[in-house]
Enquirer: 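Dropping the structure in here first, questions after.
For the single chain, residues carry numbers from 1 onward in sequence order.
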Amino acid sequence: MEQTTGIDEEVPVLVVGGGGAGLTASMLLARQGVEHLVVSARPRTSDLPKAHVLNQRAMEVLDDVGAADAVARRGTPPEQMAATAFYAGFAGPGSDYGRRLARLECWGAAGADEGWRAASPWRQQNLPQIRLEPLLKARAEELSPGRIRFGHELTGLEQDDDGVRATVRDNGSGRRYVVRCQYLIGADGGRRVAGLVGVEYEGLGVITQTATLHVSADFSAWAPDPDVLIRWIFSPQAGVLVVMVPMGPEQWGPQSEEWVIHLNYPAGDPRAQSDAQVEADARAALGVPDAPWKIHKITRWSVEAVLASAFRAGRVFLLGDAAHRHPPTGGLGLTSAIHDAQNLCWKLAMVLGGHASPELLDTYQAERRPVDERNCQRSLENAVNHFEIGAALGISPDNTTEQNMARLRRLWSGRPEDAGHRSAVLRAMRAQSMEFSELNVEYGYCYQSAAVVPDGRAAPAPADGIRVYQPSTRPGSPLPHAWIDDEDGDRRPLKDLVAPGRFLLIAGEDGQAWCEAARQLAAEVDIPLDTLRIGHLDGDLYDPRCGWLRHRQIASDGAVLVRPDRFIAWRSVTGASEPRAALAAAFGQILARPVGTPAASAV
């Protein structure tokens, strides 16, 4: 029987959920000086080897909170995640089994792709959730000692005009306690918070059901290509697509000690519910009936896209899987969750610190929901194209092994009558660059909300809406990457000039008037704001490679205003006769209050 104590706690922000989203929110809040509490119903971090891809922007956020270096040390070496490849089976009685059909570079090709190098100081990383979350938890506990509580479950919540009353149960002792907070972040994967505040989910499509095996095994005899991370195996034996991903932890590539194996089943297929059947199906599809392996866990999940009808309900905000769940194709799930947290936490800090009106918080849904909806759709499209590749190959569970292998051999037969077929299949495989080279999906989106002041200039049409990212300072865009020097030649990425919870005004080398006006305004109306001038020859800091000059899109006397989440809030291409008035108007819109008067009450 549950016991209730009379101990109540008050905290500005309560974070419900201790996965990647909740822990990232905790670290960001801590770095911005926001007191908070994290409760997670789970007794410990995840034991699932999923959500292993961390894109460059996600790594930038983890760098902000001091967790990125630990992730990079533990993750896949760059040379062993430079490519992905498609194969004609895995193992079998002849040399054709395991033959590579096509290879694609992925995620910047271990730093070889200049477009990816130009986008960020960080490269893409790969680290499965079972090893990522303990690193994030350790850093969150370091930043907020005693405030990260696993095994503490939210059981109810009530809202009023002034805050949220949350009931929490300590699952270890059975006692319940009440936490009073001004705002609550629901990062519990949609388990409870969304239902308690009446938010429903909208499905964008269910494709299939997947069973995943996490195993320890030595597959090095059948897994060539040490630069390949994800293997897309079209099994002649089973007539289905099997996906294999090495999981390390100490060796990667063909020598990896652990692997995950993904098998797809039709929705509702009872075979997927039997561990013994799933194992048998995996062995048969891979052609390794007797290979020794140890199964750590078998899990099931649906390949679908689900989006919350609202990301905010009063003083409750949803982020991560509580707001959107999508297929793993493209690695957009956890990375989107990290970006959700980045977007929300600086706004909470501004409101709780009295710098902004609570209306600023309305921009969280306005900005993130369209991006997350697109990411859900992109994940589905990535998944669908894999099935279309299988259909183009012509393999099927209804065929015999010999029939499926005969269809696969058409890709390397050299016969004139197979040339068109080969070209069509290889084109479909090349098209999967929409999953492995989707840099514009990850970087090229532009926020539109009251926290962005448009400058009236139209967005340029991208060369490719998925693959080609063109850095820009158009308001709503992410701050472009460039390497910046001080007078001593010490170099750092431009992103590091944006301090936690603070705006940054970057002026051109002749933009002294903007910097002076910004400093005066910040002092008079209490805005956390830093200023500096950047030029190749002149300024407070220097642009040695002209990387900033190429993308800044302002004149030497212009300026851009960067939000704490490193998105462009406002810009003036040139100087202005009344720079203070221009900045006051911009901040008045962004902070949702008349600049020059105190902010509305934070509570």
Enquirer: Set out, in order, the CA-CA distance, both residues' side-chain angles and the distance that settles salt bridge (Lys or Arg N to Asp or Glu O under 4.0 Å) for Asp275 and Arg300, then state yes or no.
Expert: CA-CA 10 Å; Asp275 284 359; Arg300 287 94 178 160; 2.5 Å; yes

Enquirer: Under 3.5 Å, is there a donor-acceptor pair between the side chain of Ser302 and the main chain of Glu304?
Expert: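 Judged by distance alone, no pair lies under 3.5 Å.
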
Enquirer: Would you call the rings of His326 and His324 parallel, tilted or perpendicular if under 30° counts as parallel and over 60° as perpendicular?
Expert: tilted

Enquirer: Using modelled atom types and a 3.5 Å cut-off, is there a donor and acceptor pairing between side-chain atoms of Ser220 and backbone atoms of Gln255?
Expert: no

Enquirer: Hydrogens and angles aside, do Thr76 and Asn126 bring a side-chain donor and acceptor to less than 3.5 Å of each other?
Expert: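 Result is yes, a qualifying pair exists.
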
Enquirer: Using the rule given for side chain to side chain contact (heavy atoms under 4.5 Å, CB included), can you reason through His52 versus Val245, listing the C-alpha separation, both sets of side-chain angles and the distance that settles it, and then say yes or no?
Expert: CA-CA 10 Å; His52 50 93; Val245 188; 3.9 Å; yes

Enquirer: Is the shortest side-chain heavy-atom distance between Pro493 and Trp483 below 4.5 Å?
Expert: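 With C-beta onward as the side chain, the pair touches.
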
Enquirer: Could you tell me whether the side chain of Ser433 reaches within less than 4.5 Å of the side chain of Arg467, counting heavy atoms only?
Expert: yes

Enquirer: To the closest 0.5 Å, what do you measure between SG (Cys446) and CD (Glu367)?
Expert: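 CD of Glu367 is found 9.5 Å from SG of Cys446.
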
Enquirer: If you define the side chain from C-beta out and look only at heavy atoms, does anything of Leu408 sit under 4.5 Å from Asp96?
Expert: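 With C-beta onward as the side chain, the pair stays apart.
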
Enquirer: Would you say the side-chain atoms of Arg139 pair up with the backbone N or O of Leu135, donor to acceptor, closer than 3.5 Å?
Expert: no

Enquirer: Taking the six-membered ring of Tyr201, is NZ or CZ of Arg325 closer than 6.0 Å to its centre and within 45° of its axis?
Expert: yes

Enquirer: What I want to check is whether the side chains of His386 and Glu435 have a donor and an acceptor closer together than 3.5 Å.
Expert: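 Yes - a donor-acceptor pair under 3.5 Å links their side chains.
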
Enquirer: Please determine whether a side-chain nitrogen of the Lys or Arg among Arg378 and Glu373 lies less than 4.0 Å from a carboxylate oxygen of the Asp or Glu.
Expert: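 So Arg378 does not pair with Glu373 through a salt bridge.
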
Enquirer: Can you classify the ring geometry of Trp222 versus Phe90 as parallel (below 30°), tilted (30 to 60°) or perpendicular (above 60°)?
Expert: tilted

Enquirer: When rounded to the nearest 0.5 angstrom, what is the spacing between CG in Asn404 and OG in Ser235?
Expert: 7.5 Å

Enquirer: Looking at every non-hydrogen atom in both residues, tell me the closest pair between Gly18 and Phe150 and how far apart they are.
Expert: O-CZ, 3.4 Å

Enquirer: Using side chain to side chain contact (heavy atoms under 4.5 Å, CB included), reason through Glu258 and His214 one step at a time and then give a plain yes or no.
Expert: CA-CA 7 Å; Glu258 298 180 14; His214 175 203; 2.8 Å; yes

Enquirer: Salt bridge (Lys or Arg N to Asp or Glu O under 4.0 Å) between Arg74 and Glu250: does it pass, once the steps are laid out?
Expert: CA-CA 8 Å; Arg74 193 78 169 118; Glu250 304 304 329; 3.4 Å; yes

Enquirer: Sub-3.5 Å donor-acceptor pair from the side chain of Asp565 to the main-chain atoms of Asn343, do we have one?
Expert: no

Enquirer: Regarding Asn385 and Glu381, is there a side-chain donor-to-acceptor distance under 3.5 Å anywhere?
Expert: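 Not at all, the side chains of Asn385 and Glu381 share no donor-acceptor pair under 3.5 Å.
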
Enquirer: Take Met59 and Leu54, measure what side chain to side chain contact (heavy atoms under 4.5 Å, CB included) needs, and give me the verdict at the end.
Expert: CA-CA 6 Å; Met59 289 304 298; Leu54 293 162; 4.0 Å; yes

Enquirer: Taking the side chain from Glu438 and the backbone from Ile466, do they hold a donor-acceptor pair closer than 3.5 Å?
Expert: no

Enquirer: Is the backbone of Ala112 close enough, under 3.5 Å, to the side chain of Arg117 for a donor and an acceptor to pair up by distance?
Expert: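 Yes, the answer is positive, given that a donor and an acceptor are paired below the 3.5 Å cut-off.
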
Enquirer: Provide the closest heavy-atom pair for Ala322 versus Ala187 in the form atom of the first, atom of the second, distance.
Expert: CB-CA, 4.5 Å

Enquirer: What's the spacing between Glu279 CD and Ile261 CD1 if we round to 0.5 Å?
Expert: 9.5 Å

Enquirer: So, the side chain of Asp188 versus the backbone of Val193: is there a donor-acceptor pair under 3.5 Å, distance only?
Expert: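 A pair under 3.5 Å: yes.
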
Enquirer: Just wondering, do Arg231 and Trp259 contact through their side chains at under 4.5 Å, heavy atoms?
Expert: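 Yes, their side chains come closer than 4.5 Å.
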
Enquirer: Does the gap between the ring centers of Tyr87 and Trp232 come in under 6.0 Å?
Expert: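 Distance test on ring centres: not under 6.0 Å, no.
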
Enquirer: Could you tell me whether Arg149 atom CZ has more than 12 heavy atoms of other residues or ligands within 6.0 Å of it?
Expert: yes

Enquirer: Are the side chains of Leu411 and Arg99 in contact, using a 4.5 Å heavy-atom criterion?
Expert: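 Contact flag for Arg99/Leu411 side chains = no.
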
Enquirer: Looking at Ile130, is its backbone amide N or carbonyl O close enough to the side chain of Ser46 to form a donor-acceptor pair, meaning the two atoms are under 3.5 Å apart?
Expert: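 No; judged by distance alone, with no hydrogens or angles, the pair does not exist.
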
Enquirer: Where do Ala72 and Trp122 come nearest, in terms of heavy atoms and distance?
Expert: CB-CZ3, 4.1 Å

Enquirer: Any chance you could measure Leu143, atom CG, to Leu29, atom CG, to the nearest 0.5 Å?
Expert: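 Going from the CG atom of Leu143 to the CG atom of Leu29 covers 11.0 Å.
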
Enquirer: Does a side-chain N-to-carboxylate-O contact under 4.0 Å join Asp418 and Arg409?
Expert: no

Enquirer: If I compare all heavy atoms of Pro78 with all of Arg123, which pair ends up nearest, and what's the gap?
Expert: CD-NH2, 3.1 Å

Enquirer: Using only atom types and a distance under 3.5 Å, with no angle test, would you say the side chain of Ser26 pairs donor to acceptor with the backbone of Gly22?
Expert: no

Enquirer: Do the non-hydrogen side-chain atoms of Ser256 and Gln251 ever get within less than 4.5 Å of each other?
Expert: no

Enquirer: Between Val65 and Thr24, is there a side-chain heavy-atom distance shorter than 4.5 Å?
Expert: no

Enquirer: What distance do Tyr443 atom OH and Arg57 atom CZ have between them, rounded to the nearest 0.5 Å?
Expert: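 Going from the OH atom of Tyr443 to the CZ atom of Arg57 covers 6.5 Å.
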
Enquirer: Could you verify whether a donor N or O on one side chain and an acceptor N or O on the other, from Glu442 and Thr335, lie under 3.5 Å apart?
Expert: no

Enquirer: Between Arg100 and Asp225, is there a side-chain N and carboxylate O pair less than 4.0 Å apart?
Expert: yes

Enquirer: Heavy atoms only: give me the nearest Phe234-Met429 pair and the separation to one decimal.
Expert: CE1-CE, 4.3 Å

Enquirer: Working to the nearest 0.5 Å, report the span between CD1 of Ile338 and CG of Leu62.
Expert: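 Reported value, rounded in 0.5 Å steps: 4.5 Å.
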
Enquirer: Is Asp464 close to Asn440 at the side-chain level, that is, under 4.5 Å between some pair of heavy atoms?
Expert: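 A side-chain contact under 4.5 Å is absent here.
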
Enquirer: Does Arg427, at its CZ atom, have more than 12 non-hydrogen atoms belonging to other residues, nucleotides or ligands within less than 6.0 Å?
Expert: no

Enquirer: Apply side chain to side chain contact (heavy atoms under 4.5 Å, CB included) to the pair Arg410 and Arg415, showing each step before the final yes or no.
Expert: CA-CA 8 Å; Arg410 294 183 66 193; Arg415 297 179 303 189; 4.0 Å; yes

Enquirer: Test your reading of the model: is there a side-chain donor-acceptor pair from Arg283 to the backbone of Val288, 3.5 Å cut-off?
Expert: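 Yes, the answer is positive, given that a donor and an acceptor are paired below the 3.5 Å cut-off.
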
Enquirer: Please tell me whether Thr208 and Asn264 have a donor and an acceptor in their side chains that are separated by less than 3.5 angstrom.
Expert: no

Enquirer: Which atom pair, heavy atoms only, marks the closest approach of Arg131 to Pro249?
Expert: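 Nearest pair, atom of Arg131 first, then Pro249: NE-CB, 3.4 Å.
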
